[in-house]
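Note that the coordinates shown come from a computational prediction; the quantities given were computed from them, not determined experimentally. Throughout, protein chains are lettered first and strands after them, A, B, ... in sequence-line order, and every chain is numbered starting at 1.
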Amino acid sequence: MPRLEPPDRVSRLSLEATALPPSRMLHVPLEQRLRAAVAAVLPDAPSTPVQVRPATDAKFGDYQCNSLMGLAKERKLNPRALATQVVAQLDVADLCLPVEIAGPGYLNFRLKPDAWAAILAATARGEHLFFRPAAQPKTLVIDFSSPNVAKPMHVGHIRSTGIGDCLQRTFRLLGHRVISDNHLGDWGTQFGKLLVGWKQRLDPGALAADPIAEMERLYREINAACEADPSLLDLAREELVRLQAGDPENLGVWKEMIRLSQVQFDSIYGRLGVQFDQTLGESFYNPQLNGVVHDLLARGLARESEGAVAVFSDGTLPPKEDPFLVNKDGEWVADPALIRKSDGGFNYMTTDLATVDYRIQTWSPDEIIYVVDDRQSPHFRKLFQTFARWQPDAAARTQLRHIGFGKILGEDGRPFRTRDGGTVKLGDLLDEAVERALHVVTEKRPELDEASRREIARVVGLGAVKYQDLLPNRQSDYVFSWDKMLALSGNTAPYVQYQFTRAQKVTREGGAYDPARLLQTTPTEPAELALIRHLLNFGLTLEAVAEECRPNYLCNYLYDLAGLYSRFYEHCPVLKAEEPVRTLRLALCDLTAQVLQKGLNTLGIETTEVM
RNA sequence: GCGCCCGUAGCUCAGCUGGAUAGAGCAUCCGCCUUCUAAGCGGACGGUCGGGAGUUCGAAUCUCCCCGGGCGCACCA
């Protein structure tokens, strides 16, 4: 007879021996107790943490630990002997069958069958969704997207925007405080040329029709004209100086350019569902720049060099690791960070220093995360070092992290462009994705009305684009292909979205179920067990995404979950099953749908009830 | 020249502090809709993890040397 457990007995699964909250992830109590057992055998703390992870293969059980072998090696102990001693101290009998020591010293944990039912019941009651809030919530500033004013957003912006948005969603889901900040490129030398173009060659009709295209045209034309005519370059410099000095006319034009650009940004972000807490562009920091330079000069951290003001190496790092040194023909020569140009203007190092200062003063973050192209890595190394020398106390409290990503290449291996060599506009890319998706929806579901098909196409098309960009490891370059970007099968958003709709459909038709009934059965089908095991890894995945700032972990988790669901769906009838199996399977559909939806939303991808 | 990143199946890519027979998608081939949506499922084919040496009980992963590719190297951001 299945034993009926009242709800309060479920807390048995939490740690009676420790003060942790009830577990939503079964590896947590196992790991805690294993650490206690290790501490009993080896009183001095291990240098690397002992970890319990999901088993790599179901034949090894449900969870495994590989850490004892490393620990034994470090201390020159016999790994199997150590494992035997640790297991003797380990009390997990309430959760697991006897722990098995395998091979050179793996520990394999096999959960008792009723452990599954209890955690599913707790989840079905809505107590959690297989993840736990961070024990120590942090405050994080995330700097991402950062497009330039007066230019179209193009494919190059998709990576920073998509990765940054996924990170802010992930950190928020885990209970951290996030300040997302869009550091617009709204200041700089390009405005001198833009002002000349605006005053001399503006086509008001074209501006009204497509402001971004017109501003882009102006910049291109003047830029080319400057190369032919140096006097035009001087004029651009003069306009820039006037702008910087606060000339009302130039200021007015500049503000109009920003306003027009913001319309474009709002449109793109609206489609992508990306929101920022702050949009503090470079210009916001103008008033601070002089002070930054003076302060660095006064503290002796910067000095004049060839008419510019620059920060040089302080010699505390070996040359190879010193961002302020570069090797030229076998000799290490200075590669300083310029904070004021010889013409008196400031460059982005100065702005970035002021920005770090402002963010720390304003929000006291534990971390500031920059989601920016890997090619700017040398800049960030200089920035972080310079800031640490400038404000050592603040730098000690705040971790500055550059989260870099690779380039998007064309199929010829060169930077991705359109056929005629232009940049691919982000808006056009999204349009094409939605259009292709509409074509597929119309083919697959001709019976749906047009409004429904358009809505599905929007969700599927945008999801496909975002997912393809988040799927590769962010640090590597990836080859862009329209077919791949917009693919609707394989490891793609539409596949995951589709499995969601299947799970949702069954959940809807199954109606309400009683979570308590889950305690009357234990899952036995391999497809059920595989699905449950994977559901329990959701929290571990979210934590890994946050820890390493790698959204691809979540993509792969969701793809695996969708696949496991699909196999379950093929092999295990739900609505026609006898109780209590029906309730178990219905709960699996419900919980899988919830995790798929929550996971996709964390990637910034929507779901739809019908596909 | 120096530094950083990369090289895994025909193609595009995963591979978490070194762990159990290296995974997936696409492509190709063979099956599966009287049973909750086939945008689905099952199976087959396919790799000396660029090459070599080393550390280790154990290496795609760590160290060194080559080969091949990309990016960066003061007044752009």
Run the ring pair (Phe, Tyr, Trp, His ring centres under 6.0 Å) check on A:Tyr285 and A:His183 step by step: do they pass? CA-CA 11 Å; A:Tyr285 301 95; A:His183 193 69; 5.8 Å; yes
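- In this structure, the nucleotide among B:G40, B:G19, B:U12 sitting nearest to the side chain of A:Asn66 is B:G19.
- For the P atoms, the distance linking B:C67 with B:U28 amounts to 39 Å, nearest Å.
- At a cut-off of 3.5 angstrom, counting only N and O atoms as typed in the model, there is a donor on one side and an acceptor on the other between the side-chain of A:Lys73 and the base of B:G58.
- Of all nucleotides listed (B:C41, B:A74, B:C75), B:C75 comes nearest to the side chain of A:Lys341.
- For the pair A:Arg389 and A:Phe324, the cation sits on the ring face: its NZ or CZ lies under 6.0 Å from the ring centre, inside 45° of the axis.
- Taking the C1' atom of each, B:G47 and B:C4 are spaced 29 Å apart, rounded to whole Å.
- You won't find any donor-acceptor pair under 3.5 Å spanning the side chain of A:Lys444 and the base of B:G40, going by distance alone.
- Atom CZ of A:Arg436 and atom C1' of B:A39 are 16 Å apart (whole Å).
- With both ends at atom C1', the span from B:G15 to B:A24 equals 10 Å, rounded to whole Å.
- Nucleotides B:C16 and B:G40 place their P atoms 28 Å apart, quoted to the nearest Å.
- Remark on RNA chain B: of its neighbouring residues A:Gly185 and A:Lys576, the 5'-side contact belongs to A:Lys576, judged by nearest-heavy-atom nucleotide.
- Results of the side-chain contact (heavy atoms from CB on, under 4.5 Å) test with A:Phe346 over A:Asn286, A:Leu338, A:Asn290 single out A:Asn290 as the only residue that passes.
- Below 30°, between 30° and 60°, or above 60°: for A:Phe131 and A:Phe538 the angle between ring planes is above 60°, a perpendicular geometry.
- Atom CZ of A:Arg502 is separated from atom C1' of B:C33 by 12 Å (rounded to the nearest Å).
- Residue A:Tyr498 places no side-chain atom within donor-acceptor reach of the base of B:A39, judged by atom type and a 3.5 Å distance cut-off alone.
- Searching all strands for a Watson-Crick or G-U wobble partner of B:C64 with both distances below 3.5 Å returns B:G52.
- In the model, A:Gln594 has a side-chain atom that pairs as donor or acceptor with a side-chain atom of A:Asp590 under 3.5 Å.
- Distance from the side chain of A:Val441 is smallest to B:A39 among B:A39, B:C13, B:C73.
- Base pairing of B:G72 is made with B:C2, judged by Watson-Crick or G-U wobble geometry with both donor-acceptor distances under 3.5 Å.
- Atom P of nucleotide B:C4 and atom CG of A:Leu325 are separated by 13 Å, given to the nearest angstrom.
- Stacking here means ring centres nearer than 5.5 Å and ring planes tilted less than 30 degrees, and by that measure A:Tyr106 stacks onto B:A20.
- In this structure, CZ of A:Phe568 is placed 19 Å from P of B:G40, rounded to the nearest angstrom.
- Here the separation of B:C75 from B:G68, taken at their P atoms, is 31 Å to the nearest Å.
- Atom name C1', nucleotides B:G19 and B:C71: the rounded distance is 34 Å, in whole Å.
- Atoms CG (A:Asp477) and C1' (B:C4) sit 12 Å apart, rounded to a whole Å.
- With a cut-off of 3.5 Å on both pairing distances, B:C36 has no Watson-Crick or G-U wobble partner at all.
- For A:Met69 and B:G19, the CE to C1' distance is 5 Å, given to the nearest whole Å.
- The partner of B:G47, taking Watson-Crick or G-U wobble pairs whose two distances both stay under 3.5 Å, does not exist in any strand shown.
- Here A:Phe60 lies parallel enough and close enough to stack on the base of B:A20, with planes under 30° and ring centres under 5.5 Å apart.
- A distance of about 38 Å separates the P atoms of B:C66 and B:A77, rounded to the whole Å.
- Among A:Phe384, A:Phe144, A:Phe405, the one residue that satisfies the ring-ring contact (aromatic ring centres under 6.0 Å, His included) test with A:Tyr370 is A:Phe384.
- Side-chain atoms of A:Thr350 come within 3.5 Å of backbone N or O of A:Ile339 as a donor-acceptor pair.
- Residue contacts for A:Gln190: at a heavy-atom cut-off of 4.0 Å it reaches no nucleic acid atom on any strand shown.
- Scanning all heavy atoms of the two residues, the minimum distance from A:Pro104 to A:Arg80 falls at O-CG, 3.5 Å.
- Using a 4.0 Å heavy-atom criterion, one finds that A:Cys572 contacts the bases of the nucleic acid, with or without backbone contacts as well.
- Rounded to an integer number of Å, the gap from NZ of A:Lys505 to C1' of B:A38 is 14 Å.
- Look at CG on A:Leu409: it is 15 Å from C1' on B:C11, rounded to the nearest Å.
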Where do A:Glu31 and A:Arg53 land on the salt bridge (charged side-chain N to carboxylate O under 4.0 Å, His left out) test, with the steps shown first? CA-CA 8 Å; A:Glu31 190 170 275; A:Arg53 292 287 105 120; 3.3 Å; yes
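- As rounded to the nearest Å, B:G42 and B:C62 have P atoms that lie 34 Å from one another.
- When both distances must be under 3.5 Å, the Watson-Crick or G-U wobble mate of B:U17 does not exist.
- When distances run from any side-chain atom of A:Leu338 to the nucleotides B:C13, B:A74, B:C57, the shortest one goes to B:A74.
- Candidate nucleotides B:C13, B:A39, B:C41 were compared by shortest atom distance to the side chain of A:Ile456, and B:A39 ranks first.
- Counting non-hydrogen atoms under 4.0 angstrom, A:Tyr569 reaches a base of the nucleic acid.
- A:Asn491 comes within 4.0 angstrom of sugar-phosphate atoms only, judged by non-hydrogen atoms across all strands, and of no base.
- Comparing atom distances between the A:Glu570 side chain and each of B:G3, B:A14, B:G40 picks out B:G40 as nearest.
- Figure legend. B:G58 is base-paired to no nucleotide; pairs are counted as Watson-Crick or G-U wobble with both atom distances under 3.5 Å.
- The residue among A:Ser377 and A:Val326 whose nearest nucleotide of RNA chain B is located toward the 5' end is A:Ser377.
- Nucleotide B:A22 is matched to nothing when pairs are restricted to Watson-Crick or G-U wobble geometry with both distances under 3.5 angstrom.
- Across all strands shown, B:C41 forms a Watson-Crick or G-U wobble pair, both distances under 3.5 Å, with B:G31.
- Comparing B:C75, B:A74, B:A20 by their nearest atom to the side chain of A:Ala102 picks out B:A20.
- Looking at A:Gln64, its side chain comes within 3.5 Å of the base of B:A20 through a donor and an acceptor atom.
- Counting distance only, with no hydrogens placed and no angle test, the side-chain atoms of A:Glu306 and the base atoms of B:A74 include a donor-acceptor pair under 3.5 Å.
- Judged by atom type and distance alone, A:Asn108 reaches the base of B:A20 through a side-chain donor-acceptor pair under 3.5 Å.
- Look at A:Tyr467 and you won't find any side-chain N or O under 4.0 angstrom from OP1 or OP2 of B:G25.
- Dashed line: the shortest gap from a side-chain N or O of A:Thr507 to OP1 or OP2 of B:C36 is not under 4.0 Å.
- Look at A:Asn552 and you'll find a side-chain N or O under 4.0 angstrom from OP1 or OP2 of B:G15.
- Inspection of the A:Asn473 and A:Arg550 side chains reveals an N or O donor paired with an N or O acceptor under 3.5 Å.
- Using a 4.0 Å heavy-atom criterion, one finds that A:Ala544 contacts no nucleic acid atom at all.
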